[in-house]
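First the structure, in the form of structure tokens, and then the observations on it.
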Amino acid sequence: MSKAHILIGVGGGIAAYKVCSVIRHYTEAGHDVRVMPTRAALNFVGAATFEALSGNPVTTEVFDDVDEVAHVALGRQADLVIIAPATADLMARAVAGRADDLLTASLLTVSCPVLMVPAMHTEMWEHPATVDNVATLRRRGVTVMTPAVGRLTGADTGAGRMPEPSEIAALGDLLLQRSDALPYDLSGVRMVISAGGTREALDPVRYLGNHSSGKQGYALARAASQRGAHVTLVSGATSDPGDPASVEIVDVDSAVEMQREMSERARDADVVIMAAAVADFRPIAVADAKIKKGAEGPAPIHLDTNPDILAGLVRDRADGKIAPGTVIVGFAAETGDADGGVLDHGRAKLRRKGCDLLVVNAVGGGKAFGTEDNTGWLLSADGQETGLPFGSKTLMASRILDEVASLVPDGRVHPGTDRGGNTLTNPVPARDNTERNR
Ligand code: CTP
């Protein structure tokens, strides 16, 4: 990514301290960062901190440095605006087009993507005024992040907690990489996504596993929930890709467990995505006690074939156990061999699995597994083949979801929402992932 101008607006909320890590993320990536706190924000974090972290002067008023016409200059040159925390008051002022401080004045001059990260008490997030303001901002193309559920300022917990800085940065990076705004086009769509690798137990301490990091599946969950989807992430083992805010995470170990969770949850889903690396085989028996070395050398491991979860979901749909309009997406990790290239194997796999879309990745030689970037093709059952440009897994997730969104029938809209982002109530995340029992 080339050097970009990032404008970081800070509202007056206790979560202002967390934005320091976001500033760091962008300065360390080599971008030019300008911080614009509101007057209230400076009650929580001092201007000196923002100046030291950004390496640039900090002003809050339109009448500071008048000769530079800062609100016009900084607004016009920005490639990305992130406002965190976006308080209820700040969002209301943005909706009204007010210009009573440097930040709101600048917002009226920007033409780049804007990411607002709300943080407030649950009652304020759910108040009809905030609900309307969020819907208006989304209609205008602003990406308003759905807050996390968790500990709020006092002893209380609920929806309205500011998502972690890494989640904010991941979404900010996506907006920088996409040449267009992130659409809010999956509102009310229920999505079940599998991610990570399965672990097949040998004995109480050992398992057969794989190198999957879970990054691609987590990136899909993150992007889908920020497009309005209600996402459940069925997660195998990962290398800790960060819990997406406002996503329900269900931890599983083995392929059989993953199959149980996926087939159960797919019954109520509009979209099912199998991004997990499922082990094809599992030991026939799991030893009750740790297997000892023994005098005869290693004992052979006898394997059984695991269920093909993806093919099973397609069968369930054909049998009416899953609704006929449910979109089913698979992944194919291919190396290519003497029988054909990566794409040939992908085409054959799409036919074999019977899903609607197949994302084909080239793996091996350091590609895809555990890496930050990815590339591939999107093959659809109707014969369309689209190349996915090389980029971050977050960008790839976002491109996959563009295609998925076009396949979800319009009739699949759930109470309280419509596809245009006109949420009648602000979505409340399923649960507090900080309570996850890993
Ligand atoms: N998959 C699945 N259940 C399995 C194996 C794979 O649901 N037991 C899913 C994966 O989540 C992925 C797709 O099927 O969406 C393809 O996975 P992949 O490992 O590439 O294919 P396999 O079916 O295992 O075929 P092969 O290993 O022969 O290439």
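All ligand and atom numbering here is 1-based and tracks the order in the structure.
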Closest heavy-atom pair, Met162 versus Val19, reported as atoms and distance to 0.1 Å, is CE-N, 4.3 Å
I'd like to know if His345 contacts ligand 1, where contact means a heavy-atom distance under 4.0 Å to any ligand atom. no
What atoms in ligand 1 come closer than 4.0 Å to a heavy atom of Leu310? 2 (C), 7 (O), 9 (C), 13 (C), 14 (O), 15 (O)
Do me a favour and list the nearest non-hydrogen protein atom to atom 25 (O) of ligand 1 with residue, atom name and distance? Lys349 NZ, 3.5 Å
We want to know whether Glu403 and Ser380 form a side-chain donor-acceptor pair, criterion being a heavy-atom distance below 3.5 angstrom. no
Just need the protein heavy atom nearest to atom 14 (O) of ligand 1, so name the residue and atom and give the distance. Lys353 NZ, 3.0 Å
Determine, using heavy atoms of Ala255 and all atoms of ligand 1, whether some pair is separated by less than 4.0 Å. no
Between the side chains of Thr386 and Gln384, does any donor sit under 3.5 Å from an acceptor? no
Under 3.5 Å donor-acceptor, Asp356 side chain and Val329 backbone: no
Closest contact, heavy atoms only, Met258 versus Gly236: CE-N, 3.9 Å
I need the atoms of ligand 1 closer than 4.0 Å to a non-hydrogen atom of Gly330, numbered in the order shown. 15 (O)
Does Pro307 have a heavy atom less than 4.0 Å from any atom of ligand 1? yes
Could you tell me, atom by atom, which parts of ligand 1 come under 4.0 Å of a heavy atom of Asp280? 5 (C), 8 (N), 24 (O), 27 (O)
Arg352 near ligand 1, heavy-atom distance under 4.0 Å? yes
Per-atom contacts, ligand 1 versus Ala333 - under 4.0 Å to a heavy atom: 20 (O)
Minimal heavy-atom distance between Val231 and Ile193, with the atoms involved, is CG1-CD1, 3.8 Å
Could you tell me the residue and atom name of the protein heavy atom closest to atom 11 (O) of ligand 1, and the distance to it rounded to 0.1 Å? Ala276 O, 2.7 Å
Show which atoms of ligand 1 fall inside a sub-4.0 Å distance from at least one heavy-atom site of Met274. 7 (O), 11 (O), 12 (C), 15 (O)
Looking only at heavy atoms, which two atoms of Ala333 and Lys349 are closest? And how far apart? O-NZ, 4.4 Å
Any nitrogen or oxygen of Phe331, main chain or side chain, under 3.5 Å from a nitrogen or oxygen of ligand 1? yes
Short version for Asp308: what comes under 4.0 Å of ligand 1, heavy atoms counted, is both
Heavy-atom donor-acceptor pair, Asn133 side chain to Met91 backbone, under 3.5 Å: no
Under a 3.5 Å threshold, yes or no: a donor from one side chain and an acceptor from the other, between Arg282 and Ser254? no
for atom 3 (N) of ligand 1, nearest protein heavy atom and its distance come out as Ile309 N, 3.0 Å
Please tell me whether Tyr218 and Ser235 have a donor and an acceptor in their side chains that are separated by less than 3.5 angstrom. yes
Smallest separation among heavy atoms of Gly330 and Leu310, with atom names: CA-CD2, 3.7 Å
Output yes when the distance from some N or O of ligand 1 to some N or O of Val278 is under 3.5 Å, and no in every other case. no
Nitrogen or oxygen of Ala275 less than 3.5 angstrom from that of ligand 1: no
